[in-house]
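Reminder, nothing fancy here: chain letters follow the sequence lines and each chain counts from 1. All values reported here derive from a predicted model rather than from experimental measurement. These numbers come from the heavy atoms of this one structure, side chains and all, not from hydrogens, waters or symmetry mates.
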Amino acid sequence: MKIATFNVNGINGRLRVLLRWLAEAEPDVVCLQELKAPQDRFPEGAIRNAGYGAIWQGQKSWNGVAILSRGTDPIETRRGLPGDELDSQSRYLEAAVNGVLIGCLYLPNGNPAPGPKFDYKLEWFARLTAHAAVLLTHQLPIALVGDFNVMPTELDVYKPERWMDDALFRPEVRQAFHELVAQGWVDSLRKMHPHERVYTFWDYFRNAWGRNAGLRIDHLLLSPELAKRLDGADVDRWVRGWEKASDHAPAWVRIHD
DNA sequence: ATGCCCTCGCAACGAGGA
């Protein structure tokens, strides 16, 4: 079973890229972020024609998350994180697929920091961490995957000194990520590539892709029960080089039965 | 210190992204 995450940066503008990648990579489960489409503008027909069932939580212009599953429909278990009834941003969706609980998330960017957007990021992160702790008590195979907007360590940044004051790399955010993982989650990309520079994002600016000036901000965290079955993890980097590419590349894990 | 590039939108001297 292959579980992937892909920040598409606009699902309708990016549909050809998404469909091509689905056909080539054949992931079983896909978490999408940044749909940038309202609920009624999700391209359900094209996704179904590609062989995937889907659930999604759209939002006009920004955010938006979806879970796709090949040959079956995801069974939705949650829409939105608990803890803030007033939060209207579409950033969390959860479903069961073939015996694995999938949490698909798009953590806030948080720039500029400090400021209200950074406060919202930390508050959202705290709610995610609280919910993740509850999930672990079930002792089930669980994957928490998506765009976390955090580079966990200096190995995850092409030039760490340039990012020290950025909301994606500030100490508070790295600490929050560390505390989440310390609950017992396995950072699968790092586990399979302990010393390597593995990036999932390259800015559109400054020829970042051409210079390999990347960041690792998309993560696949596995519960202990699921981590036992981890067979491989990697990034489909070449997708970033396609025409009309997203600024993120898909990242994935392979899980054995 | 800022723009660079890119998306969505109902058109902007824009917002947000990371």
(request) May I ask you to say what A:D147 touches in the nucleic acid, namely base, sugar-phosphate or nothing, with a heavy-atom cut-off under 4.0 Å? (result) sugar-phosphate
(request) State whether the side chain of A:R16 and the backbone N or O of A:L19 hold a donor-acceptor pair below 3.5 Å, judged by distance alone. (result) no
(request) With sequence neighbours excluded, tell me which residues meet salt bridge (Lys or Arg N to Asp or Glu O under 4.0 Å) with A:D73. (result) A:R48
(message) Output the rounded distance in Å from OH (A:Y120) to C1' (B:dG17).
(response) 15 Å
(request) Using heavy atoms to find the nearest nucleotide of DNA chain B for A:Y106 and A:Q59 separately, return the residue whose nucleotide is more 5′. (result) A:Q59
(message) From CD1 of A:I217 over to P of B:dG17, roughly how many Å is that when rounded to an integer?
(response) 12 Å
(message) Check whether A:N12 reaches the backbone of A:R41 with its side chain - one donor and one acceptor, N or O, closer than 3.5 Å.
(response) yes
(request) Output all residues satisfying salt bridge (Lys or Arg N to Asp or Glu O under 4.0 Å) with A:D166, sequence neighbours left out; order by chain, then residue number. (result) none
(message) Please give the distance between the P atoms of B:dG3 and B:dG16 as a whole number of Å.
(response) 15 Å
Each nucleotide N or O in nucleotides 5-8 of chain B that has a protein N or O under 3.5 Å away: list the pair and distance.
| from | atom 1 | to | atom 2 | distance (Å) |
| --- | --- | --- | --- | --- |
| B:dT7 | OP1 | A:R14 | NH1 | 3.4 |
| B:dC8 | OP1 | A:G13 | N | 3.2 |

(request) Mind calculating the distance between CZ (A:R211) and P (B:dC4) to the nearest angstrom? (result) 16 Å
(message) In whole Å, measure the gap between the P atoms of B:dA12 and B:dT2 for me.
(response) 26 Å
(request) Let me know, please, whether A:P108 or A:R41 comes out on the 5' side of the other along DNA chain B by nearest nucleotide. (result) A:R41
(request) With sequence neighbours left out, write down each residue that passes ring-ring contact (aromatic ring centres under 6.0 Å, His included) with A:F42, or none if nothing qualifies. (result) A:W56
(request) Let me have DNA chain B in dot-bracket notation, would you? Count Watson-Crick plus G-U wobble pairs, both distances under 3.5 Å, and use [ ] for pairs crossing earlier ones and | for inter-strand partners. (result) ....((((.....)))).
(request) Using modelled atom types only, decide if a donor and an acceptor are shared between the side chain of A:Y204 and the backbone of A:D247 within a distance under 3.5 Å. (result) yes
Without placing hydrogens or testing angles, list every side-chain donor-acceptor pair under 3.5 Å for residues 172-183 of chain A, not counting sequence neighbours.
| from | atom 1 | to | atom 2 | distance (Å) |
| --- | --- | --- | --- | --- |
| A:E172 | OE2 | A:R170 | NH2 | 3.4 |
| A:R174 | NE | A:F169 | O | 2.9 |
| A:R174 | NH2 | A:F169 | O | 3.3 |
| A:Q175 | NE2 | A:E179 | OE2 | 2.8 |
| A:Q183 | OE1 | A:W185 | NE1 | 3.0 |
| A:Q183 | NE2 | A:T129 | O | 2.9 |

(message) Expressed as a whole number of angstroms, how long is the span from A:N111:CG to B:dG3:C1'?
(response) 15 Å
(request) Scan A:N7 against the nucleic acid and name what it touches under 4.0 Å (heavy atoms): base, sugar-phosphate only, or nothing. (result) sugar-phosphate
(message) For DNA chain B, which residues of residues 162-171 of chain A approach it to below 4.0 angstrom with any heavy atom?
(response) A:L168
(message) If I pick the C1' atom on B:dA11 and the same atom on B:dT7, what distance separates them, to the nearest angstrom?
(response) 14 Å
(request) Assign B:dC13 to syn or anti; the rule is syn for a glycosidic angle within 90° of 0 and anti otherwise. (result) syn
Donor-acceptor list for residues 62-71 of chain A side chains, cut-off 3.5 Å, not counting sequence neighbours:
| from | atom 1 | to | atom 2 | distance (Å) |
| --- | --- | --- | --- | --- |
| A:N63 | OD1 | A:R91 | NH2 | 3.2 |
| A:N63 | ND2 | A:Q59 | OE1 | 3.3 |
| A:N63 | ND2 | A:Q89 | OE1 | 3.4 |
| A:S69 | OG | A:T72 | O | 2.7 |
| A:R70 | NE | A:P27 | O | 3.4 |
| A:R70 | NH2 | A:D28 | OD1 | 3.1 |

(request) For B:dA15 and B:dC10, measure between their C1' atoms and round to the nearest Å. (result) 15 Å
Which atom pairs, one a donor and one an acceptor, fall under 3.5 Å between side chains of residues 130-141 of chain A and the rest of the protein, sequence neighbours left out?
| from | atom 1 | to | atom 2 | distance (Å) |
| --- | --- | --- | --- | --- |
| A:H131 | NE2 | A:E94 | OE1 | 2.8 |
| A:T137 | OG1 | A:V134 | O | 2.5 |

(message) What's A:K117 touching, base or sugar-phosphate or nothing? Going by heavy atoms closer than 4.0 Å.
(response) sugar-phosphate
(message) Can you list everything that forms a side chain to side chain donor-acceptor pair (under 3.5 Å) with A:E161? Sequence neighbours excluded, please.
(response) none
(message) Which Ile, Leu, Val, Met, Phe, Trp or Tyr residues join A:W252 in one cluster when any pair of side-chain heavy atoms under 4.5 Å counts as a link?
(response) none
(request) Mind jotting down which residue pairs meet the side-chain hydrogen bond (donor to acceptor under 3.5 Å, both in side chains) criterion with at least one end in residues 206-215 of chain A? Sequence neighbours excluded, please. (result) A:W202-A:N212, A:N212-A:R237
(message) Suppose you measure atom C1' in B:dG9 against the same atom in B:dG17; what distance do you get, rounded to whole Å?
(response) 15 Å
